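For reference, the structure discussed in these notes is given below.
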Amino acid sequence: MNATEYYRASEQEVMRKLDVTQHGLTDYEVRYRQKRYGYNELKEGKQKNVMQVLIEQFQDFLVIILMVAAIISMFLGDVESSIVILVVIVLNAILGTIQHIRAEKSLNSLKELAAPVSKVLREGQVIEIPSKDVTVGDLLILEAGDFISADGRVIESYRLQINESSLTGESLAIDKMANTIYEPDIALGDQRNMVFSGSFVTSGRGQAIVTSIGMETEIGKIASLLDEAKEKKTPLQVSLDQFGKRLAIGIIILCVIIFGLDIIRGRELVDSFMFAVSLAVAAIPEALSSIVTIVLALGTQHMAKENAIIRKLHAVESLGSVSIICSDKTGTLTQNKMTVQKVYTGEEIFSVDELHLNNQSHKKLLDLAILCNDSVILEDKQFGDPTELALVKLGRDYQLNEHIVRGLHPRVGELPFDSTRKLMSTVNRMGNRSVMITKGAVDVLLPRLNRIESGNGVITKHQLERIKQANQTFSNDGLRVIAIAYKDAFSTHIREEDERDLTFVGLIAMMDPPREESAQAVADCIKAGIKPIMITGDHKITAAAIAKQLGILKEENEAIEGKEIEKLSDEELKNQVEKISVYARVSPEHKIRIVKAWQEKGHVVAMTGDGVNDAPALKQADIGVAMGKTGTEVAKDASSMILTDDNFLTIVKSISNGRSIYANIKNAIQFLLSGNAGAIFVVLYATLFALPVPFLPVHLLFINLLTDSLPAIAIGLEPHNKKLMKEQPRNTDEPLLNKKFVSQVGFEGLIIAAVTIIAFQLGLSSGDTGVATTMAFATLCLSRLFHGFNCRSEESIFKLGIFSNLAVWIAFLIGFILLNFVLITGLFEVAALNQFQYLMIYALSLIPLVLIQVKKLLFRVR
Ligand code: ATP
């Protein structure tokens, strides 16, 4: 059978051809097939290998200039200088390569954590596996929100609808069916019994046998090599690149002037040229954007350990300015562990242990709750939706085993639950009748009732009123209520229009306690200037009761329902949005309007979601947060962050991490720029006062390329500072390099320059220019290393804990040892110093640390 003709074969023919039974493949067969067909992957553009990364380090503009300079100075006889420059360049390239690979590795491991999964039936069991392990002959289990990971022939369809827009461009979902199609040569879009890789299930459920995988799938055939999803630069990186470029132009102009002045003063052309080049290399902060990548990458690794998987790097930056969190209730703020508490049937409220199976309506309520239900308990393991599991457990408490009940009354048709309709229906055989059972939200089901099981048939206004009252009583206690009804069915193919003229049987109310940590997390949010908002499909009163317990809502009028949102125009919603903290009975379409309303008010919004219909709102939000446990693949794909524990607290922790990563990046940049400023000020001073050149080119290169980047990265790893969550969210319009920041950089640069100049002058007073340049170099290098401690935070290191960031110590010690090694061995053209001179270098270098720490302490007191 030709791969393109599976749609013309019957289900049995396909199974025979692919050698698979209804129980799916065995482990052995899977291994054999994976060997034969390979993994289910589309070929990606190759990642660069170590050598390529290393070579790239030499392609930097400044490095090329340096190499040219080294070659020129070699021809002019200064072999030592050129060797030193080359050594420094090579060491720098190795360091750069290590950093690059480290960042790449952590980003890759992150990608693996967020890799797509598929559900397959193997050896009679439904299991979830990484999509790349799906193989030919696997039975794919398809549910709303699943991405389809391979091409397959549909063998079962319950209103299975698939969106194939990625393949055909058609944005409307297509109904899929299991029937054989006999027509030859039909287009993909018309192959209604086939599913294709890259599409997703919008509603319904079904099963398909995988017919082709990887590059053999239809999408594989049309997709040329996928561009290795190159992470675009984050806004911060873009603005730093722009800043870096402007600064570089300024510095190059300055270097040209200094070069000119040197020539006028009769310095040798080559020396002047080498110096100007080195100054440019030392002063241009070319590493800014790569420091951001490294700090972001390492930060995301830490976040993954705290249950938040970042899918888009720029999210880390935006997290710091989130001012609104729109969170689902069920499972995120609550435990999603439902237990039935109360039941209303026969016009009476019963507590869960007061039911009697010999009471006709009690028995019926329990039976129907088990039949219109997809959840099961297998050997203590629970499978399915917690709401439904609560009903299964209720049945078990009364010795009603769901397997037996469902065996007695097999299901012959169904309309799956969806969060917009808030209903689910099944058709079951009961003796020689077919019965349609519908369960769902009370307010949605009530208007569809016309009869009642107890009493004499037709439902009265009074009875409806009593049901509403019972619902109100349950909801006031924060209980989630499900109504159950039925009617005779005349067909197994039911449609939404059939969900009416139902006979009411009862209400079942269940408790889903808030997570223990939620109330504290909400309080932390509010302290951090972030407004938490609850968005739920549940009843308004239930939602408000839980929101009140958690501290999200203070007054009842802060809660509104989805249908009230519908009455508001976008403008009206925007005007009211600040007064609302709970949205109930919301469908996914409302979520997107809520996000937009907040965004128009100038807020940065994080929004949680799990269903397939949540994808647009997740994309619209500044931070789309998908649920790792209960979320669909489509929701995960649309999100910028995934919570592996579905917990609200994790969102708050991530915001806190986002804030501290941003602060760390800012501090690392401050460290780099203030040190560079220091070097420039010293050179300007010497030029202005016609003093000898304070640094040799190799000295500047030594500092800039070898001893600078490690402390910057270490500052980027500064542990989390709790104080950041007592501040207001960062204003997104506020540039990182604001006036305060620039003046701080200038001030610190001046202090570093001052001590370096003192050292230089001391050296000059000894009469030996070599000693003077050595002292200037050593003081600049060491004071910058010490200054690394200053840049850990705006707070003093005594408050932070002197040893609370070991990375900074390690970076300092490496730099310190390298510097002293050079001073002792006389490498890099340094002159020999006496003890007093050594002492002066150490003492002077400590001054910026002491001064700035004192300033921080005083500032805090003030
Ligand atoms: P969120 O996760 O957004 O806080 P939710 O889980 O409470 O919301 P939905 O799952 O959309 O929201 O449920 C909305 C309503 O639909 C519930 O209040 C309940 O009455 C009803 N419902 C929920 N699950 C089912 C189900 N499996 N079958 C029938 N009705 C259900």
Side-chain angles (χ1 to χ4, degrees), residues 41 44 47 102-119 128-133 145-147 149 200 228-232 234 292-322 325-328 331-333 336 515 517 521 604-612 614-615 617-619 621-662 664 716-717 720:
E41 288 170 321
E44 291 188 346
Q47 282 210 342
R102 178 95 206 263
E104 193 106 294
K105 224 179 179 178
S106 62
L107 292 178
N108 277 346
S109 68
L110 215 59
K111 236 185 244 166
E112 238 155 67
L113 284 177
V117 291
S118 299
K119 288 184 287 283
E128 205 170 70
I129 55 167
S131 296
K132 79 175 202 330
D133 291 342
D146 288 346
F147 258 113
S149 55
F200 62 90
E228 163 58 5
K230 231 191 176 173
E231 185 82 47
K232 276 199 297 195
T234 71
V292 177
T293 313
I294 294 162
V295 175
L296 284 179
L298 297 180
T300 52
Q301 235 174 11
H302 172 72
M303 290 172 77
K305 283 191 199 120
E306 291 193 340
N307 303 321
I309 297 169
I310 295 292
R311 291 189 66 249
K312 293 174 188 148
L313 215 48
H314 65 79
V316 186
E317 273 170 42
S318 322
L319 269 170
S321 26
V322 165
I325 308 177
C326 296
S327 170
D328 281 344
T332 314
L333 288 159
N336 213 4
R515 287 177 183 267
E517 58 278 27
V604 176
V605 187
M607 159 77 81
T608 67
D610 47 15
V612 53
D614 287 337
L618 288 173
K619 278 191 185 143
D622 300 275
I623 308 275
V625 184
M627 298 299 139
K629 281 192 194 163
T630 54
T632 56
E633 287 297 294
V634 173
K636 288 181 196 166
D637 188 68
S639 68
S640 36
M641 178 170 123
I642 300 175
L643 306 180
T644 53
D645 59 355
D646 292 10
N647 192 340
F648 180 78
L649 175 66
T650 305
I651 310 178
V652 182
K653 274 196 205 156
S654 309
I655 291 180
S656 163
N657 277 321
R659 287 188 181 189
S660 82
I661 290 173
Y662 190 86
N664 290 350
L717 297 178
H720 194 83

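Because the structure is a prediction, the values reported are computed rather than measured.
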>> What's the separation between atom NE2 in His720 and atom CG in Asn664, rounded to the nearest 0.5 Å?
In response: 10.0 Å
> Does the pair Met303 and Ile661 meet the rule for a side-chain contact (heavy atoms from CB on, under 4.5 Å), with working shown?
Replying inline: CA-CA 10 Å; Met303 290 172 77; Ile661 290 173; 4.0 Å; yes
>> Do Asp646 and Arg515 make a side-chain contact, defined as non-hydrogen atoms from C-beta onward lying under 4.5 Å apart?
In response: yes
>> Can you tell me how far apart CG (Asp133) and CD (Glu41) are? Round to the nearest 0.5 Å.
In response: 8.5 Å
>> Whether the side chain of Thr632 engages the backbone of Asp146 through a donor-acceptor N/O pair (distance < 3.5 Å, no angle test) should be reported.
In response: no
> Closest heavy-atom contact between Gly716 and Val295?
Replying inline: O-CG1, 3.5 Å
> Quick one: OG1 on Thr293 to CG on Leu298, what's the gap to the nearest 0.5 Å?
Replying inline: 10.5 Å
> What distance separates Ser660 OG from Ile655 CD1, expressed to the nearest 0.5 Å?
Replying inline: 12.5 Å
>> Using side-chain contact (heavy atoms from CB on, under 4.5 Å), reason through Glu317 and Leu296 one step at a time and then give a plain yes or no.
In response: CA-CA 9 Å; Glu317 273 170 42; Leu296 284 179; 4.1 Å; yes
> Restricting to pairs with a member in residues 635-645, which pass salt bridge (Lys or Arg N to Asp or Glu O under 4.0 Å), not counting sequence neighbours?
Replying inline: Arg311-Asp637, Glu633-Lys636
> Mind checking what makes side-chain hydrogen bond (donor to acceptor under 3.5 Å, both in side chains) contact with Ser640, not counting sequence neighbours?
Replying inline: none
> Above 12 or not: heavy atoms from other molecules or residues under 6.0 Å from NZ of Lys119?
Replying inline: yes
>> Looking at every non-hydrogen atom in both residues, tell me the closest pair between Ala626 and Ala635 and how far apart they are.
In response: CB-O, 3.7 Å
>> Can you give me the closest heavy-atom contact between Ala606 and Val625, atom names plus distance?
In response: CB-CG2, 4.5 Å
> To the nearest 0.5 Å, what is the distance between CG (Leu333) and CG (Asp328)?
Replying inline: 8.5 Å
>> If I compare all heavy atoms of Thr332 with all of Ser327, which pair ends up nearest, and what's the gap?
In response: CG2-OG, 3.4 Å
> Counting N and O atoms only, with roles assigned by atom type, does the side chain of Ser654 sit under 3.5 Å from a partner on the main chain of Thr650, one being a donor and the other an acceptor?
Replying inline: yes
> Which atoms form the tightest heavy-atom contact between Ile651 and Thr608, and what is the distance?
Replying inline: CD1-CG2, 3.5 Å
> How far does NZ of Lys132 sit from OG of Ser149, to the nearest 0.5 angstrom?
Replying inline: 12.5 Å
> At their closest point, which heavy atom of Val604 faces which heavy atom of Ser321, and how far apart are they?
Replying inline: CB-O, 3.3 Å
> Can you list the steps and then say if Leu319 with Ile310 is a side-chain contact (heavy atoms from CB on, under 4.5 Å)?
Replying inline: CA-CA 11 Å; Leu319 269 170; Ile310 295 292; 4.2 Å; yes
> Side chains of Asn647 and Asn307: does their closest heavy-atom pair fall under 4.5 Å?
Replying inline: no
> What residue among Ile623, Asp622, Val605 forms side-chain contact (heavy atoms from CB on, under 4.5 Å) with Val322?
Replying inline: Ile623
